[in-house]
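Following: one structure in structure tokens, then a few remarks.
Residue numbers count from 1 along this sequence. Hydrogens, waters and symmetry mates are skipped; everything else that's a heavy atom, side chains included, is used. Just so you know, ligand 1 is whichever comes first in the structure, and atom 1 is the first atom listed for that ligand.
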Amino acid sequence: MDGVITIRAAAKINLYLAVGPVRPDGFHPLATVFQSVGLYDDIFAAPAPTISLTVAGNGRHLPTGESNLAVRAAHLLAEHAGLSRYGARLHIHKRIPIAGGMAGGSADAAGTLVALNKLWDLRASEDELCDLGAKLGSDVPFCVRGGTQLGAGRGEQLNAVTCPVPGAFVIVTMKRGLSTPRVFAEFDAQATGEELRAVDEEFLRALQAGNWPRIAELGRNDLQAPALLLHLGARRTIDWFHARKVPAMISGSGPTVIAYLREGDDGAELARAVAKIPDVAQTFVVNGPVAGVEVLEGTKTP
Ligand code: C5P
């Protein structure tokens, strides 16, 4: 079909996630390191008189109306550009887990902003798309920029960090998801009131040196304890990796688990073995960092 824009939008993990006490606006201040990894949702945008959305893959049952973040991204971009008549037929093939702590919904919103910016020839800058993205969700700006970024504020304030050596991970998704607000509420219930601490300097040095064993060792996720309290399957999976001396952590607010592969390990054996845990939905062996949103040329709608 002519004029179809095809985008792939990457999932994110948090290599480091420090959380401070809840703010008056209900959000939590973060000191985080985001990284895009090679697990993608495909987004197709074709010319049409009105906005419509269909979803395939692991998101077949998602709502496709105004409550979908991709649809909201489309309307927000049109409003920002002052378009009075606009439309697009959107189709998303989902692979990023839903309610998994990998910013799947945010990646779709970021991908939709980039796709429609191109389809409608709006020429909005990446900064503008990030500002719009922040109105849709805390992780959307990161999903627009991608790569490896230090995140502050509620996650929307970004600064690129160099990560010269790619990391390799086994991503383990769970059959049951977790609601992000619920995990933050559990964090509040357990909170000691401790102020937010900046990302550890030694961790940043390890990241910039590409020292993955050190990155894995110094990584931290303050949402892990509350998430594991709410999700026995994620706890079992983390324990399974640790019993095999494989560093593993939950991604974002969970329950997806990321395990760090040693150099030279292709992860196939670990992925096959961990998939036998009954709570596990899928496993993926991926690298990071990758681009956040990529426009694919020469591809067609499915
Ligand atoms: O920004 P987003 O809409 O993705 O956030 C979803 C929910 O996650 C928020 O309503 C809030 O409960 C929680 N959240 C938070 N602190 C953040 C990001 C998200 O408390 N920094």
Side-chain angles (χ1 to χ4, degrees), residues 9-36 41 59 62-63 65-77 92 94 96-113 129-146 149-159 177-199 220-231 234 249-256 292-293:
K12 66 92 190 157
I13 58 177
N14 299 77
L15 294 171
Y16 196 100
L17 177 55
V19 182
V22 65
R23 308 190 311 204
D25 66 0
F27 286 92
H28 293 72
L30 309 179
T32 189
V33 175
F34 291 110
Q35 185 159 89
S36 306
D41 284 356
L62 282 180
E66 302 295 317
S67 65
N68 190 295
L69 213 53
V71 173
R72 284 172 44 207
H75 291 302
L76 188 65
L77 181 66
I92 302 179
K94 282 203 76 66
I96 306 174
I98 293 153
M102 298 194 82
S106 303
D108 296 344
T112 300
L113 290 174
L129 297 183
C130 285
D131 288 347
L132 288 175
K135 295 183 183 166
L136 296 162
S138 307
D139 291 340
V140 181
F142 171 72
C143 291
V144 171
R145 289 210 200 279
Q149 306 264 346
L150 264 173
R154 60 186 167 90
E156 86 287 16
Q157 296 164 20
L158 299 168
N159 274 298
L178 268 181
S179 130
T180 301
R182 179 134 186 257
V183 177
F184 274 107
E186 187 59 42
F187 171 86
D188 292 341
Q190 293 179 15
T192 55
E194 201 186 320
E195 284 308 307
L196 177 68
R197 274 184 289 163
V199 176
R220 125 179 195 186
N221 183 344
D222 289 354
L223 295 180
Q224 176 156 304
L228 294 188
L229 229 137
L230 297 170
H231 205 294
M249 206 162 69
I250 65 153
S251 171
S253 57
T256 302
V293 175

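At the shortest separation from atom 13 (C) of ligand 1 among protein heavy atoms lies Phe184 CD1, 3.5 Å. Protein heavy atom nearest atom 9 (C) of ligand 1, with residue, atom name and distance: Phe27 CE2, 3.8 Å. The closest protein non-hydrogen atom to atom 3 (O) of ligand 1 is Gly137 CA, 4.1 Å. Taking atom 1 (O) of ligand 1 as the reference point, the nearest protein heavy-atom neighbour is Ser138 OG, 2.6 Å. Of all protein heavy atoms, the one closest to atom 8 (O) of ligand 1 is Thr180 CG2, 3.5 Å.
Across the listed options Pro181, Ala185, Ser253, Pro181 owns the non-hydrogen atom lying nearest to atom 12 (O) of ligand 1. Of the candidates Glu156, His28, Arg23, it is His28 that places a heavy atom closest to atom 20 (O) of ligand 1.
The CD1 atom of Ile92 sits 6.0 Å away from atom CG of Asn68, with the distance rounded to the nearest 0.5 Å. How far CD1 of Ile96 is from SG of Cys143: 7.5 Å, rounded to the nearest 0.5 Å.
At a heavy-atom distance under 4.0 Å, no atom of Asp139 approaches ligand 1.
Atom numbering of ligand 1 starts at 1 in the shown order; those under 4.0 Å from a heavy atom of Gly26 are 20 (O).
Nearest heavy-atom pair across Thr32 and Val199 is N-CG2, 3.9 Å. Shown here for Arg220 and Ala18, the closest heavy-atom pair between the two residues is NH2-CB, 4.0 Å.
Counting only heavy atoms from C-beta outward, the side chains of Lys135 and Arg72 never approach each other to under 4.5 Å. Side chains of Leu69 and Asp108 form no contact here, defined as non-hydrogen atoms less than 4.5 Å apart. In this structure, His231 and Ile250 have side chains that are not in contact, with every pair of non-hydrogen atoms separated by 4.5 Å or more. Taking 4.5 Å as the limit, some side-chain heavy atom of Phe184 sits within range of a side-chain heavy atom of Val19.
Within a 4.0 Å radius of atom 6 (C) of ligand 1, the protein contributes no heavy atom.
Judged by the shortest distance from any of its heavy atoms, Gly155 lies outside the 4.0 Å radius around the atoms of ligand 1.
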